[in-house]
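Accompanying notes for the structure given below.
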Amino acid sequence: MRLSRFFLPVLKEAPSDIEIVSHRLMVRAGMIRQEAAGIYAWLPLGLIVLKKIEQIVREEMVRAGAIECLMPTLQLADLWRESGRYDDYGQEMLRITDRHERELLYGPTNEEMITEIFRAYVKSYKALPLNLFHIQWKFRDERRPRFGVMRGREFLMKDAYSFDVDEASARKAYNRMFVAYLNLFARMGLKAVPMRADTGPIGGDLSHEFIILADTGESQVFCHKDLIEMGAPGPDVDWDDLQGAVDRRTALYAATEEMHDETRFTAEVPEASRLSARGIEVGHIFYFGDKYSRPMKANITGPDGVDRPAQMGSYGVGVSRLVAGIIEASHDDSGIVWPDSVAPFGVALINLRPGDEACDAACEQAYAALAKAGKDPLYDDTDERPGGKFAKADLIGAPWQLVIGPKGLAEGAVELKRRATGEKQSVPLDAALTQLCG
Ligand code: ATP
Ligand code: MG
């Protein structure tokens, strides 16, 4: 992408009422624009990152055996009356009436709808296990939308729903999501810790929230320090036997505020290993048995010929919240520092003197080579002064900067900077391109 033809409305200052760094940087870098409280337009730079995160989530869901579908944002109120949640959900639910006076709602989650789809088609245990997911916008009329896309009212969520014939098999489905979550957060450069969680209004008896640590997090969390560095199992695990991988991570104490038990915490965790910190919930998995399948009569016939409600779980990832979460975890005073896997551009290519023949030629050569190698270069070919170009490149956080100017070129050199460390090398253009393109 040539910056002169891109839409990147960068701001020098963010509005002073912005409270957290990720929100400030997203606004300054021209990633989002607030259209109403908790409702944002995704500008081109923000959308590229959102899509990259979405794609990582999708790939890890598919790897774990889940199948993608897409349910609508609008749902019938009657569907939610079947589960009893239409009245329970309260003011967070945005209720809408259409021209025929039919009551609709903008979905805050999809347990009812997926259960309705399931019961229409699946009657036998032979079709199970089944895990369906979608990545769709949700609306929750949050009492206090804040921190930008971190707590929006409209937000993008990946939600998966598993169906099994019995509890043993449902727990296997839960374990697959547990491991898939560890893997997908790790791919985004995040250290997400699964913590025992309250099952809240959705109910059930087994639930973990995946938390990343950040001072600006909204929840207080307590855990054994070793969990932070434990790492993800990776894609090459035995997907049919994940109990060991799950047990290793659930054996150590980790709980959110609602589930915290100070007596157990002090008894189970040596003082030096106790961590009490703020965290951001980026994912949440539940096993809730027949909470929806029973009232909604989503029954399946088991191997014994007897009908029973399907055993279900649901699994959410805050896709749009992750954009902010990753920035909270990875930024410095100059701006965002994207992990390579979600960076909107792989390389910021800076022409220090557009119009200079040698600079233009070298930049065009670099731009073509980087584009060909799939490095998504952003070529700053504008007339802005060098200081402004550097500041912009730092702000938007491409992992590499390739700086080409007349002085360097005269000596046969360009400058290659690693955004994360600030480390700079002065090397011939060919060497820089070999390093970047591999
Ligand atoms: P929270 O406790 O933060 O309000 P929740 O527990 O109500 O979240 P879930 O129903 O578990 O949310 O939704 C799954 C995921 O969707 C959460 O883990 C979170 O990452 C994301 N999410 C939930 N609410 C919001 C929101 N208002 N804005 C952005 N992302 C959200
Ligand atoms: Mg939750």
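In each ligand, atom 1 is the first atom listed, and ligand 1 is the first ligand listed. Numbers here are sequence positions counted from 1.
How far CZ of R2 is from OH of Y367: 5.0 Å, rounded to the nearest 0.5 Å.
Here the N, O or S atom of H284 that is nearest to the Mg ion (ligand 2) is ND1.
Considering backbone and side-chain N/O of E281, one or more are found under 3.5 Å from N/O of ligand 1. Looking at ligand 1, you'll find an N or O of E142 within less than 3.5 Å of one of its N or O atoms. Below 3.5 Å of separation, one finds an N or O of H284 facing an N or O of ligand 1. For a threshold of 3.5 Å applied to N or O pairs, the pair formed by M157 and ligand 1 contains no separation below that value.
Taking the six-membered ring where the residue is Trp, W137 and W42 present tilted rings, their angle falling between 30° and 60°. Y181 and F185 have perpendicular rings, their planes meeting at more than 60° on a 0 to 90° scale where under 30° would count as parallel. Aromatic ring orientation, Y174 versus F178: tilted (interplanar angle from 30° to 60°).
Residue-level proximity to ligand 1 for V149 is carried by the backbone, the only part with a heavy atom below 4.0 angstrom. Heavy atoms from both the backbone and the side chain of R151 come within less than 4.0 Å of ligand 1.
Closest heavy-atom approach to atom 9 (P) of ligand 1 within the set K158, E258, R140: this belongs to R140.
Residue T109 places every heavy atom at 4.0 Å or more from ligand 1. In this structure, E218 falls outside the shell of residues with a heavy atom less than 4.0 angstrom from ligand 1.
Under 4.0 Å is where a charged nitrogen must lie from a carboxylate oxygen, and between R85 and D88 no such pair does. A salt bridge does not link D261 with R196: none of the charged nitrogens is closer than 4.0 Å to a carboxylate oxygen. A salt bridge does not link D215 with R278: every distance from a Lys NZ or Arg NE/NH1/NH2 to an Asp or Glu carboxylate oxygen is 4.0 Å or more.
Because the distance cut-off is set at 2.8 Å, E281 qualifies as a neighbour of the Mg ion (ligand 2) through one of its N, O or S atoms.
Counting atoms of ligand 1 from 1 in the listed order, those under 4.0 Å from a heavy atom of V282 are 18 (O), 20 (O). Per-residue contacts place G283 under 4.0 angstrom from the following atoms of ligand 1 (heavy atoms of the residue considered): 18 (O).
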Starting from the C-alpha separation in whole Å, work towards a yes-or-no answer on salt bridge (charged side-chain N to carboxylate O under 4.0 Å, His left out) for R63 and E59. CA-CA 6 Å; R63 196 197 302 282; E59 286 170 13; 5.6 Å; no
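For the ring pair (Phe, Tyr, Trp, His ring centres under 6.0 Å) condition, the pairs that include at least one residue of residues 252-281, sequence neighbours left out, are F222-H260, F222-F265, Y253-H260, Y253-F265, H260-F265.
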